[in-house]
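Comments concern the structure below.
One-based numbering, in listed order, for ligands and for the atoms of each. Keep in mind it's a predicted model, so treat the numbers as computed, not measured.
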Amino acid sequence: MTFDLGTELADRAGESFSLHEKYLNPAMVRMLKTIGFDRTYVRAQGQYLFDVNGERYLDLLSGFGVFAVGRSHPVIKKALRDVLDADLPNLVQLDVSLLAGLLAERLLSHMPGQEKVFFCNSGTEAVEAAIKMARAATGRNKLIFCDHAFHGLTMGALSLNGDHSFRDGFGPLLADSVRVPFNDLPALEAALAAGDVAAFFVEPIQGKGVHLPSSTYLAEAARLCRTHGALFVADEIQTGIGRTGKFLATDHAANVDPDLVLVAKALSGGYVPVGAVAGKRWIFDKLFNRMDRAVVHGSTFGKNNLAMAAGLATLAVLEDEGLIANARLRGESLLRRLGALKSKYEMLADVRGQGLMLALEFGPPKSLALRAAWSLLEKATKGLFCQTVIIPLFTRHRILSQVAGHEMYVIKLLPPLCLTQADEDWIVRAFDDVIADCHRMPSSIWDLATTLAGNTLKRKAGT
Ligand SMILES: Cc1ncc(COP(=O)(O)O)c(C=O)c1O
């Protein structure tokens, strides 16, 4: 029997939801159908998705940040085809590949403070590697993480997760992990004081909720870590590779020189799973300290040729197309224009972010009619209001966005960095229209909200 991908896709077109329902995750299918996101996408280009009816969608999710250079990028595709056509020896394992060396060199050229790189296959693997490196380098066990932190969902990374909805039911997690409030230096200092901490893991901007620290927090936190002999680990898995308008989000602050920097997501242009830990030579030397420990940490597919070539192409595209500067300028403009809506709409409480990692936060209305409807939603599920905003953004305006975390009133925008002026206008127009509707009663949004709340309350009551 021969395999032909085109025939396979054509023969089984339209079966994705039934296959997922049967073999993968029926809860996901139910959720998509409930909120009306069950489209059949057939093509993707740059910041756009196209469905089977030819409708174009603006993707403000970019696959949770992996398509920073845009989908179906010709330079990345060519690099991948070239690797395959070259029939290079891949994953020889008892060998070292040129492509991995080249990507390490190019990645480090964007991080002047770092000297070495370890490659793996995902963000969470980078976190796991950093946990082991920190323990090996310091000889200590304890790890500090922040409230609301997200570092991935494998057991080590989950031990550093600051949200009970991810942790509950999976314990016991790593015993020596300690939570501190984000952006709270005295709490961090108290946790470090005993001198038994291996590392402090922190996102420069927290992905869940898009929380930015004060301008001095990261530099001070790094200084405190150094004073107390702990490593300062910057998790730039979401914020790195240009997302915030600099190569790393920690580059915005002066005097932040992390011991380890974690990147993943956008590094391979979205095509191939990848992750990387960049860091100081002395830390790597403690882990790979003898010939018999040359493979003490690693992963079979780490450094594979496809990921490495895609990484090289991605870094070239970022530079050639000026995408980091575009992220900075578009982000500033969106922040200003969306922020201006606050004076028009009482429920729009905050607009924040950096570069193209942005958030709109909503809060309770003052008017009596709206308050009653808001309270009903609250009773059903905390944070349900934001679902009622992202649904019309999608169905009416063809904008794909997400709620920024559980039980939150925050909508997050994480678009490809190639966003244009026309896209920016599309976003502002859509939010203006949908938020205006939220402030009208009755309106189609509150009708939808009432239905969603009713369904949720019925489900909770088991009817
Ligand atoms: C800051 C941060 N760290 C770690 C991860 C985990 O990455 P992955 O999903 O590739 O395991 C994520 C993913 O969203 C993230 O945003």
Please report whether ligand 1 has a polar contact with E203, defined as an N or O pair separated by less than 3.5 Å (distance criterion only). no
Is it true that D196 and K142 make a salt bridge, defined as a side-chain N closer than 4.0 Å to a carboxylate O? yes
Do K280 and D285 meet the salt-bridge criterion of a basic N to acidic O distance under 4.0 Å? no
Under-4.0 Å salt bridge between R106 and E319: yes
The residue among I241, T314, D320 that forms side-chain contact (heavy atoms from CB on, under 4.5 Å) with V69 is T314
Taking the six-membered ring where the residue is Trp, are the ring centres of F201 and F145 under 6.0 Å apart? no
Taking 4.0 angstrom as the limit and counting only heavy atoms of Q238, give me the atoms of ligand 1 inside it, by number and element. 16 (O)
Do you see a donor-acceptor pair shorter than 3.5 Å between the side chains of T239 and T244? no
What is the closest protein heavy atom to atom 10 (O) of ligand 1, and at what distance does it sit? G123 N, 2.8 Å
Can you list the atoms of ligand 1 that are under 4.0 Å from a heavy atom of D235? 1 (C), 2 (C), 3 (N), 4 (C)
Would you tell me whether T40 and D51 have side-chain atoms, one donor and one acceptor, within less than 3.5 Å of each other? no
Can a non-hydrogen atom of E236 be found less than 4.0 Å from any atom of ligand 1? no
Would you check whether F150 reaches within less than 4.0 Å of ligand 1, judged by its heavy atoms? yes
Do ligand 1 and V127 have nitrogen or oxygen atoms that lie under 3.5 Å from each other? no
Is the closest protein non-hydrogen atom to atom 8 (P) of ligand 1 under 4.0 Å? yes
For atom 14 (O) of ligand 1, what is the nearest protein heavy atom, given as residue, atom name and distance? K265 NZ, 2.8 Å
For the residue pair Y217 and F200, categorise the inter-ring angle as parallel (less than 30°), tilted (30 to 60°) or perpendicular (more than 60°). perpendicular
Per-atom contacts of ligand 1 with T124, taking only distances under 4.0 Å to non-hydrogen atoms: 6 (C), 7 (O), 8 (P), 11 (O)
For ligand 1, which atoms have a heavy atom of G152 less than 4.0 angstrom away? 4 (C), 5 (C), 6 (C)
